[in-house]
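Position 1 is the first residue of the sequence, and the numbers go up from there.
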Amino acid sequence: MLFIDENPMNPFHKAEKRPQGTFGPVPMRTGWDKVLYGTGIAYMGGLSYGFVYGTIRGLQTAQLPNFKVRMNSVLNQTTRYGPWAANSMGAMTMVWAMVDNVLGSIRGESDYINHISAAFISGAFFKSTAGLRPALITGSMLASVVSAYGVMDAVRSRLWGSPAQTSSVGSAGGRAASSASSSSSSSSSSSSSSSSNVNLSMQAAPIAA
């Protein structure tokens, strides 16, 4: 996958170190990844939700228990709710990603303060034509969803980070124990060598006399 600043036709182009990062299962290495992947996944998720909801709604609202009538009702409902949900979720996600990138550029860091604020702004902007109350409710709902995901991410990182810390502490302790044992063995060997040198000098003294 190519980045925006890469030129595969230039043999003298020196590729820079690529950033790493994810947001759940989605790779979020740059701000453009956030816009493209986030908008696409949100659009497909909304389309799937509209398809399922339209199918259920079409089966419930069919006036006759005939297969053709039910199929027609299902098609009408899926084509009604599917594009609506997909466009709504895609638009909100695109606005969220763009606002999040702007907040990250202003603050100089990317954290959940930017994510939650961008979610509230995107939800309020999406429902701004319906009035102040629906805009605040929608923004609060999206901010709550992003906050819940942030809490889950923090808990998961702590649970997965504790074994690594334990192993690092254990390895450090093992290194300390091995260094202590090696120092003790070296000190004991030096003391034994010094004592043997003293005994040899005492034995050689009468012979010289």
Side-chain angles (χ1 to χ4, degrees), residues 1-6 19-64 66-107 109-153 156:
M1 182 178 296
L2 297 177
F3 281 85
I4 301 299
D5 57 347
E6 290 185 353
Q20 301 292 330
T22 56
F23 188 80
V26 184
M28 296 290 184
R29 296 166 294 185
T30 62
W32 294 109
D33 288 346
K34 191 182 300 180
V35 174
L36 297 176
Y37 286 109
T39 304
I41 289 177
Y43 186 88
M44 295 302 296
L47 195 63
S48 302
Y49 167 76
F51 176 78
V52 174
Y53 181 77
T55 302
I56 297 173
R57 183 73 175 171
L59 293 175
Q60 291 177 352
T61 58
Q63 297 179 358
L64 296 175
N66 191 1
F67 176 76
K68 292 184 178 180
V69 174
R70 287 191 174 185
M71 181 60 66
N72 188 20
S73 178
V74 166
L75 291 175
N76 290 333
Q77 297 297 327
T78 52
T79 54
R80 176 186 177 185
Y81 290 104
W84 171 80
N87 293 330
S88 300
M89 294 186 67
M92 283 190 292
T93 306
M94 183 175 64
V95 173
W96 169 79
M98 294 174 65
V99 173
D100 186 68
N101 291 336
V102 171
L103 292 177
S105 301
I106 294 173
R107 297 183 65 243
E109 58 182 351
S110 179
D111 53 7
Y112 275 96
I113 296 177
N114 299 343
H115 304 335
I116 296 172
S117 303
F120 180 81
I121 293 173
S122 62
F125 180 76
F126 180 76
K127 281 293 185 179
S128 59
T129 57
L132 181 61
R133 181 182 175 86
L136 294 178
I137 291 175
T138 306
S140 301
M141 289 174 61
L142 292 181
S144 301
V145 171
V146 177
S147 301
Y149 182 82
V151 172
M152 292 173 57
D153 193 15
R156 182 177 56 188

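- Contact annotation: the side chain of Y81 never approaches that of Y49 to less than 4.5 Å [non-hydrogen atoms, C-beta and beyond].
- Between Y43 and M89 the shortest side-chain heavy-atom distance does not fall below 4.5 Å.
- D100 places no side-chain N or O within 3.5 Å of a backbone atom of A118 that could act as its donor or acceptor partner.
- Although no hydrogens or angles enter the test, the distance criterion places a donor-acceptor pair under 3.5 Å between the side chain of T79 and the main chain of N76.
- Between Y149 and H115 there is no side-chain heavy-atom pair separated by less than 4.5 Å.
- Contact check for Q77 versus T61: side-chain heavy atoms found under the 4.5 Å cut-off.
- Of the possible polar contacts, one joining the N87 side chain to the P83 backbone as a donor-acceptor pair under 3.5 Å is found.
- For the pair S117 (side chain) and N114 (backbone), a donor-acceptor distance under 3.5 Å is absent.
- Note that CG of L142 and CZ of F120 are 10.0 Å apart. Values are rounded to the nearest 0.5 Å.
- Within the 3.5 Å criterion, the main-chain N or O of F125 finds a donor-acceptor partner in the side chain of S128.
- Side-chain atoms of S105 come within 3.5 Å of backbone atoms of N101 as a donor-acceptor pair (strictly under, hydrogens ignored).
- In this structure, T93 contributes its side chain and G90 its backbone to no donor-acceptor pair below 3.5 Å.
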